[in-house]
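This structure is a prediction, so every number in the text was calculated from the model and none was measured. Both ligands and their constituent atoms are indexed starting at 1 by order of listing.
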Amino acid sequence: MSRPEVVVHRDGDLLAAATAARLVTSLVDAQTARGSASLVLTGGRTGIAVLEHLRATPARDAVDWTRVDLYWGDERFLPAGHPERNETQAREALLDHVPVPASRVHVMEPSDGRFGDDPEAAAEAYADVLAAAARPEDHGSVPSFDVCLLGVGEEGHVASIFPDSPAVHERERAVVAVRDCPKPPPTRVSLTLPAIRASREVWLMTTGAAKAAAVAEGLAGAGEVELPAAGARGQRRTLWLLDPAAAAKAPDLFTPPLA
Ligand SMILES: O=C1O[C@H](COP(=O)(O)O)[C@@H](O)[C@H](O)[C@H]1O
C-alpha cells in the first residue's frame with residue numbers, strides 16, 4: 001500500500017483543472033499499458049468540477065472513451081435522474097459529452113430501479129458488477145481500478161463511509177448500503193475501504209478551510225474508523241490534491257510548495 005503524497009494547488013479551480021489534466025494522462029497511460037482504463041467517479045463539488053474541466057479541455061480527445069470503464073465510489077439512493085444523484089451530475093458534467101458506451105458506464109441502481117427501494121439489494125448487485133469485471137490478476141472480487149477519485153467530507157468521510165459507521169467497519173463486502181447517513185440524503189450505496197484499496201491510484205481531492213482539520217488528521221496518521229479518509233490508500237499511489245485553505249493545518253512534512 002502506498003504512502004500519501006500531497007499536491008497543493010493555488011485555488012480550487014486550478015486544482016480541478018490540473019486534476020482533469022492529470023486524469024487525461026493517467027487514462028491514456030492505462031489504455032496504452034492494458035488496452036482499457038477504469039475510473040471510479042465521486043460526487044461532491046470538487047469531483048464534479050474536475051469532470052467539467054475534463055469536458056472543456058481539448059486534451060480529453062486523447063482518451064479513447066470507448067475503452068474507459070466508469071464506476072462510482074458512492075451514490076445517493078434516489079430515483080433515476082434525480083439532480084442530487086452523483087450519476088446525474090456526472091452525466092451532465094461529462095458523460096453526456098464523450099462517446100463512452102452505455103455498457104461501460106457502471107451505475108449504482110437508483111431507488112426506483114430494478115430493486116425498488118432496497119439499497120441492500122442495490123449494493124449486492126453492484127458487488128456482482130465489480131466481481132464480473134475483476135480479472136484473474138486482480139486477486140479478488142474487485143477490479144484494480146486505475147484511478148479512484150474521492151472527495152473528503154468535513155468529518156473525514158470518503159465515498160459514503162462515515163466515521164464510526166457500520167460501513168467503516170466492513171471488512172468482507174466490497175459494496176454496502178448506508179442508512180441514517182449524517183449528510184443528506186440519508187440512504188446511500190458505497191464502496192467499502194477494502195474495495196477502494198484495490199485501486200492502483202487513489203486521489204483524494206478537497207478544498208476550503210472547513211476541510212483543514214480532516215486533512216490534517218488524515219495525513220497525521222488518524223485511524224480509519226475515526227477518519228475514513230485515512231484508510232483510503234491506493235496500491236501504487238495515494239494522492240491528496242488540496243487548495244491552500246484545506247492544506248493549512250497539515251503537518252509540515254506534507255505542505256510542499258504550491259503547484
Ligand atoms: O455526499 C458526498 O459528499 C462527498 C464530499 O463532497 P464535497 O462537496 O464536500 O466535496 C463526496 O465525496 C461523495 O461522493 C458524495 O456522495
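- Closer than 4.0 angstrom to ligand 1 by heavy atom are T42, G43, G44, R45, D74, R76, N86, G151, H157, A159, K183, R188, K211, sorted by chain and number.
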* Asked: Given the rule in the salt bridge (Lys or Arg N to Asp or Glu O under 4.0 Å) test, do R55 and E52 qualify, once you have shown the distances and angles that lead to the verdict?
  -> CA-CA 5 Å; R55 169 176 142 201; E52 286 168 348; 5.9 Å; no
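- Other cluster members for L78: none, since no ILVMFWY side-chain heavy atom sits under 4.5 Å from it.
- Separating the CG atom in L239 from the CG atom in L204 is a distance of 8.5 Å, to the nearest 0.5 Å.
- For H82 and E84, the side-chain atoms include no donor-acceptor pair closer than 3.5 Å.
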Which donor-acceptor pairs under 3.5 Å do the side chains of residues 93-104 make with protein atoms, sequence neighbours left out?
unit_1: H97; atom_1: NE2; unit_2: E92; atom_2: O; d: 2.9
unit_1: R104; atom_1: NE; unit_2: T66; atom_2: O; d: 2.9
unit_1: R104; atom_1: NH1; unit_2: D69; atom_2: OD2; d: 2.6

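- Partners of A56 by side chain to side chain contact (heavy atoms under 4.5 Å, CB included), not counting sequence neighbours: none found.
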